[in-house]
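Following: one structure in structure tokens, then a few remarks.
In listed order, ligands and their atoms are each counted from 1. Any value given below was found using the heavy atoms of this structure, including those in side chains, with hydrogens, waters and symmetry copies removed.
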Amino acid sequence: MYNHRLHQQINNTLKSEGIDIAEADNLFYTRFIANAPAIASLAKEIYGQQNGYENFLSQLVSIITKAHINRSESLKQRDFEKEQQDHWFLSNGITGMSLYVDRFCGNLQNLVDKLDYFKTLGVNFLHLMPVFESPEGESDGGYAVSDFRKVDDRFGKLEDLKNLQQKMQQENMYLMVDIVLNHTSHHHEWAKKAKEGSNKYQDYFYTYPDRVVPDEFEKSMPEIFPESAPGNFTFIPEMNKWVMTVFHRYQWDLNYTNPGVFLEMIDTIFFYANLGVDILRIDAPAFIWKKTGTSCQNLPEAHTLLRLIKQCVHVAAPGMALLGEAIVAPKEIMKYFGTGLYSARECDVAYNATHMALQWDALATGDTRVMLAAQHEILQKPYGTTWINYTRCHDDIGLGYEDYMIQHAGYNPFEHRKFLKEYYSGEYPGTAACGALFSVNPKTNDARISGSLASLCGLEKAIEKNDSIAVDISIRKILLMQAHTFFLGGVPMIFYGDEAGYTNDYSYLQDAGKSYDNRWMHRPVIDWNKNKRIETAGTIENKIFAGTQKLISIRNKIAAFADHKNITWLTPHNIHVAGYLRTDEDQKIYCLFNFSNQPAFITWYIFKEHGPAATKLYDHWQEKEYTIGNDYDYLIIEPYDFCILEELK
Ligand code: GLC
């Protein structure tokens, strides 16, 4: 509802800052006034009951205004251009890579020299794993941040990051960095002051003088790293208090019931926005609100906070999209896109974690029915939002999809997950995969899976055995998995090293700061001599790189692969084959993937179920033309192969 007082307050703030609401800053002003009622009502929902709420709101108005003032003209221009495109991130022309700067090429300066490598592959979007200061040995791969605004010396300086961003912008590339919203390192200035006894900073975290409240919380809070960091609280002798540490003991959870914490963090979000970040990855948003008696995940207040962040960002940095890294149950993931009035007004992007895990399910069983059973939920995503689609990332693979999906395919959920864990950890007799179980919880029998794309697809064992047939099969599996994610709709995100077939790296076991966390086995250190082999035809590296490159180029040239809610899953004619149809106006592309180790037969009838059928199809992958045959004849797809079939007019 229109709020006259707030309008006046905004006018006054803008006036005192010399903002030209009629001319130069008119777009900003319009967005501000349009979004102000939502900002005020969301803020009130969370902080309205607290003393000083009015003051909170006026500080928020100032922070948003300052963010606009600090935004460079070139970023404002880029915002404008992105707005013209209407949801720029839905495009079929964006392919990402996620990488650790140090493990990829040493530091940020060197990364500038690698831009050509990305260009050759077709990657134009980079997710830099956390580069802000994080104590070595207690860093959780950079997700324990001790200074949100200082680039860690390991990677270079803030200037290097700015320089990289500028170079990327000139090349029309996009940048993603993380905001680790849920916690700080215990070496962060706020935590240090809390340890020194400051009440103000102890209130930045959840601190308790005894175990009464922590014990209450523990009754319903699951453990995230039960092996390496059991429990959710850590005793801090310096302050003689317990502090909430949901992840590792060195990661202190920020207390968002304190409005001061929100203001600090929204200011940091704008700091990142003004560095030129195109997509901000909000780390672990499911955890940002805690309440006794709950799991402290996915609470409604977490969504209110995210919506508030979104509306503020939309005012001062409209070109920056928000990715909510919620790796939670399928129904819960969907809520991060916003619901009701806020549908498509919360996070713009989320990880398609359900689908990622379901692909691994299909690869192990050769049966796509569990994956199909999940699609009706995955398809609920509102228009104007998109997925990050991926096969592997720096984290483990969780099998967190619903039991009913497994039951739908006729399997017992407990036995089925047991099989998958054994299959990928290499225990199952005859499995090609070699990974490991991560975060085994003996109390719940839960476990996730670590391992690189190549090792989980059998390449490591095949090389070890010097078995060229097995090598070829593993390469097919790798490309099948990538292809299946690339064409789904959403931004494909390659994990660095996977484009060149990196197998597990076990050197983390020799490093005390990493050995407790086997996710490091799939976070390789790039050997550029090995990567040179991508240029030599016939090498493993070359086959995988060239295949990935080809997938990207196919995706780039076909408009139907943009994410406009233009996907239809094909009715299952063969349980081993997953198939979906992508459309754009009268363009139709059938994508079919055989997840089994046997040739799969699909009747030509499948191409006649979705409107008038053409007589010919062109497979962009094999570069081959087909004539659609009789309903009782078959298209045959080789083991672990796929087709990207365009209807020819
Ligand atoms: C996210 C990150 C993961 C990290 C956790 C805690 O899930 O992806 O690597 O351990 O947050 O920050």
Side-chain angles (χ1 to χ4, degrees), residues 96 98-103 127-135 137-146 148 152 176-188 191 205 221-230 232 234 244-254 256 265 268 279-288 290 295-298 302 306 322-329 332-333 336 347 349-354 356-357 388 390-398 400 438-439 448-452 493 495-496 508 513-524:
S98 180
L99 58 89
Y100 289 96
V101 173
D102 51 346
R103 302 173 86 76
H127 169 210
L128 306 186
M129 299 298 295
V131 291
F132 290 92
E133 194 183 76
S134 176
E138 290 185 329
S139 97
D140 187 20
Y143 286 101
V145 181
S146 51
F148 289 110
D152 200 293
M176 175 156 100
V177 304
D178 282 84
I179 174 92
V180 187
L181 207 60
N182 180 65
H183 44 257
T184 72
S185 153
H186 69 134
H187 286 301
H188 190 284
F205 303 96
M221 267 174 112
E223 292 169 304
I224 306 302
F225 299 134
E227 287 173 314
S228 55
N232 288 291
T234 302
M244 187 186 282
T245 52
V246 168
F247 289 88
H248 293 100
R249 297 204 167 107
Y250 50 78
Q251 287 162 308
W252 290 20
D253 286 63
L254 285 165
Y256 283 93
M265 294 309 278
T268 308
I279 301 188
L280 185 69
R281 180 186 185 274
I282 301 184
D283 183 61
F287 297 85
I288 59 179
K290 323 290 198 294
S295 67
C296 297
Q297 290 183 32
N298 307 310
L306 292 170
L322 300 181
L323 160 66
E325 187 253 348
I327 310 299
V328 292
E332 295 298 335
I333 294 184
Y336 288 83
C347 295
V349 191
Y351 283 97
N352 204 349
T354 306
M356 178 278 297
I388 293 280
Y390 62 118
T391 55
R392 286 304 288 117
C393 70
H394 68 289
D395 280 331
D396 45 286
I397 302 167
F438 173 70
S439 268
R448 283 114 73 183
I449 295 155
S450 281
S452 75
M493 182 67 84
F495 189 58
Y496 79 109
Y508 77 99
K514 298 190 172 76
S515 55
Y516 60 89
D517 186 340
N518 70 22
R519 290 176 298 174
W520 287 101
M521 74 168 59
H522 54 253
R523 300 170 177 175

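- Of the listed residues (Phe287, Phe247, Tyr250, Phe148), just one forms a ring-ring contact (aromatic ring centres under 6.0 Å, His included) with His183, and that residue is Phe247.
- Taking CE from Met176 and CD1 from Ile388, the interatomic distance works out to 5.0 Å, rounded to the nearest 0.5 Å.
- In this model, a donor atom of one side chain and an acceptor atom of the other lie less than 3.5 Å apart for Asn182 and Lys290.
- Between Asp140 and Arg519, at least one side-chain nitrogen of the basic residue sits less than 4.0 Å from a carboxylate oxygen of the acidic one, meeting the salt-bridge criterion.
- Looking only at atom types and distance, the side chain of Asp396 has no donor-acceptor partner in the side chain of Ser450 under 3.5 Å away.
- The immediate protein surroundings of ligand 1, defined as residues with any heavy atom under 4.0 Å of it, consist of Asp140, Tyr143, His183, Phe225, Phe247, Gln251, Arg281, Asp283, Glu325, His394, Asp395, Arg519.
- With 3.5 Å as the limit, one finds a donor-acceptor pair spanning the side chains of Glu133 and Ser146.
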